[in-house]
2 protein chains.
Amino acid sequence: MKNLNSVHLNGLRAVEAVGRLGSLQAAADELGVTIGAVSQQVIKSEAQLGRPLFERTPKGMTVTETGASILARLREGFQALSAAVALAQHRDDNILTISVAPVFAARWLVYRLDRFAGRHPDIRLRIDATTQLVNPATSDVDIGIRVGSGHWSGVKSELLLAQEIFPVVTPQIAATLREPADLLKVPAVVDGHAMFKWDVWLREAGLSGRCMEERHIFNDASLCLDAAMAGQGTMLAWQTLAAYALEQKCLVDPFGIRARTGFGHYFITAEGVREAQKVTAFKAWIREEMEESMRLFQ
Amino acid sequence: MKNLNSVHLNGLRAVEAVGRLGSLQAAADELGVTIGAVSQQVIKSEAQLGRPLFERTPKGMTVTETGASILARLREGFQALSAAVALAQHRDDNILTISVAPVFAARWLVYRLDRFAGRHPDIRLRIDATTQLVNPATSDVDIGIRVGSGHWSGVKSELLLAQEIFPVVTPQIAATLREPADLLKVPAVVDGHAMFKWDVWLREAGLSGRCMEERHIFNDASLCLDAAMAGQGTMLAWQTLAAYALEQKCLVDPFGIRARTGFGHYFITAEGVREAQKVTAFKAWIREEMEESMRLFQ
DNA sequence: ATTCTTCATATAGATTATCTATATCAGCAT
DNA sequence: ATGCTGATATAGATAATCTATATGAAGAAT
């Protein structure tokens with residue numbers, strides 16, 4: 001599209017408007033400039049293109065034949081540009097764009113969306129599932145939820161839930177366990193991206209210095225949980241990851257021993273910006289759902 | 001498309017280029033400006049649209065989700081504008097655009113076009129049939145042929161053929177005529193737009209002061225000739241109008257008396273411009289065809 | 001820990017594009 | 001002859017766009 005370097009886009013727009021509207025006056029009205037400006041731009045554009053596009057008659061300007069086919073394409077072009085601008089400037093205040101980790105979406109949020117729709121029928125969610133940290137001030141996201149230290153620069157973070165870890169196994173495996181030390185002999189499936197290690201829980205369970213039989217490593221926590229649900233061993237899970245599987249009794253926490261990792265679930269919003277009502281409503285709803293979800297851990 | 005008034009088209013182009021090429025540097029190369037210029041334009045366009053279109057990462061700029069759909073439309077738009085510019089700047093030197101009166105095209109030129117194609121296989125004609133006088137300097141026409149005085153301002157005119165008029169009738173009507181005065185009793189069909197009257201011919205035929213029985217008036221010379229060919233009377237025709245009908249013996253010139261109108265067929269070209277070779281070739285061909293066509297009047 | 005590289009942004013001021021205001025021209029209608 | 005309509009030309013003001021340069025952030029290499 002380097003050929004556009006040899007012409008002025010404003011001039012092409014003037015040409016298109018005159019061609020479509022039939023006179024300099026009508027084009028000037030639409031473009032918000034004077035007749036003289038449009039006349040100059042049309043004349044200059046014809047020179048840049050090396051071809052007359054209009055014939056001047058006492059009754060006004062008529063399009064030449066080749067001008068007609070050129071104008072048809074100009075019109076397509078400016079109509080597409082206009083549609084782009086309309087799309088950009090359109091504000092649908094009833095869409096809330098949230099950014100969450102895929103695993104959070106898949107293992108906790110997706111099961112609750114109907115309840116959000118029931119509570120807030122006027123708000124539609126747009127879920128951007130990504131592991132990358134997002135800054136709502138410089139992206140088109142309204143709010144994010146992430147697990148981490150909470151110390152991220154450039155954003156406002158608000159603790160939602162302190163992260164606790166605990167082993168999960170299938171009920172069949174759980175039936176073979178009598179005390180926490182029995183767990184040392186169960187193969188462990190490992191989430192390679194996890195920000196914590198087994199020793200954090202082992203310490204909490206009074207088994208400092210001991211080691212798990214770590215086996216398969218997964219690059220996705222969801223896959224890792226699937227492996228545990230398939231009976232391939234135990235996984236060191238956290239609340240939101242395991243909540244639904246626990247609730248459905250596909251997995252159990254055999255001893256109820258939980259260790260804090262020092263990390264947490266945080267809301268992420270733009271710093272120094274007054275919070276939109278839909279964002280406030282969403283946070284309140286998430287807090288209620290989280291509170292209800294955590295009851296099954298007591 | 002008034003919404004385009006609130007944005008800068010050059011800025012939208014910078015946005016599109018960055019979105020398509022992935023970096024400020026690549027976009028700057030295509031647009032022929034510096035990185036700083038592109039950066040400023042993108043930032044200003046995001047402000048004008050009221051929405052971020054890119055997320056800035058250490059590896060470069062990535063498109064936001066809504067940015068992607070906006071950029072898709074911008075791309076369509078600039079591709080169409082680029083196609084328009086390419087179309088305008090394209091020079092097909094093998095197309096010759098001529099402007100002739102519709103009646104000249106229909107009654108004389110169209111029957112000879114195969115011979116032009118045979119003689120000049122590399123030149124394609126684009127025939128703009130219109131009664132309006134054309135100025136090749138200010139339109140996209142290369143050459144015109146018109147009947148008139150030849151005194152038109154702003155153009156160069158070159159006599160091709162002096163206009164002569166003569167009555168034409170069907171062979172059946174001709175068989176009933178013995179001398180020119182017999183024609184006075186034949187109904188005359190009249191071309192309302194003709195620049196001459198019957199008295200010009202009557203004077204030449206030695207019938208000054210006499211009158212034809214003028215009947216139906218037509219606003220199109222071709223229709224008028226059709227009426228004559230349908231046996232509805234005599235028409236005062238001129239050479240190029242009647243040539244083909246005479247050649248096919250659908251009509252005859254009963255007495256061979258022709259009067260000069262003072263008008264002529266003229267080539268019309270742009271003043272003070274060196275003639276393109278294809279224009280010269282076309283004129284030479286027309287002169288040969290005209291010469292051959294006029295032989296049947298001798 | 002330090003240095004280098006890559007990519008984007010900010011700023012000041014120069015250059016170019018675009019605009020307004022006004023005068024003028026051509027053709028048509030009265 | 002006059003008035004109206006529509007386009008064009010011109011001078012100069014205003015805004016858009018650009019270059020040159022400095023700066024900042026993040027990641028890679030040492």
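Computed from a predicted model, the values in this text were never measured in an experiment.
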Atom CG of B:Asn5 and atom C1' of C:dT18 are separated, to the nearest Å, by 14 Å
Exercise for the section: Examine distances only and state if a side-chain atom of B:Arg51 and a backbone atom of B:Gly67 form a donor-acceptor pair shorter than 3.5 Å. Expected result: no
Rounded to whole Å, NZ of A:Lys59 lies from P of C:dC28 at a distance of 7 Å
Of the listed D:dA9, D:dT17, C:dT18, the closest approach to the A:His8 side chain comes from C:dT18
Closest to the side chain of B:Arg56, out of C:dT9, C:dC19, D:dA9, is C:dT9
When we call it a touch if two heavy atoms are under 4.0 Å apart, what does A:Gln40 touch: a base, just sugar-phosphate, or nothing? base
* To do: Would you please indicate yes or no on a ring centroid separation below 6.0 angstrom for B:Trp238 and B:Phe263?
  => no
Testing C:dA8, D:dA9, C:dT18 for proximity to the side chain of A:Ile43, the answer is D:dA9
note: A:Arg13, atom CZ; C:dA17, atom P; distance rounded to Å ~ 19 Å
From CD of A:Gln25 across to P of D:dT8 the rounded distance in Å is 14 Å
Legend entry - Test item: B:Asp191 side-chain N/O and B:Leu225 main-chain N/O as donor-acceptor pair under 3.5 Å: no
**Item:** Test item: A:Asn10 side-chain N/O and B:His8 main-chain N/O as donor-acceptor pair under 3.5 Å
**Value:** no
Rounded to whole Å, CG of A:Leu9 lies from P of D:dC18 at a distance of 10 Å
5'-most contact on DNA chain D (nearest-nucleotide basis), A:Asn10 vs A:Gly60, goes to A:Gly60
Winner on side-chain proximity to A:Ala37, out of D:dT8, C:dA17, C:dC19, is C:dC19
Closest to the side chain of A:Leu24, out of C:dA8, C:dA10, D:dA7, is D:dA7
Closest of D:dT19, D:dA7, C:dA8 to the B:Thr34 side chain is D:dT19
Side-chain atoms of B:Ser39 come closest, of D:dA9, C:dA8, D:dT19, to C:dA8
note: A:Lys44, atom NZ; C:dT18, atom P; distance rounded to Å ~ 8 Å
Rounded to whole Å, CG of B:Leu133 lies from C1' of C:dA26 at a distance of 16 Å
From the candidates C:dA8, C:dT18, C:dT20, the one with an atom nearest any side-chain atom of A:Gln41 is C:dT18
Rounded to whole Å, CG of A:Leu31 lies from P of C:dC19 at a distance of 8 Å
Ranking C:dA8, C:dG27, D:dA7 by distance to the side chain of A:Pro58, first place goes to C:dG27
Over 60° means perpendicular and under 30° means parallel, so tell me whether A:Phe104 and A:His265 are parallel, tilted or perpendicular. tilted
Could you check whether A:Ile35 gets within reach of a base, just the sugar-phosphate, or nothing at all, counting any heavy atom under 4.0 Å? base
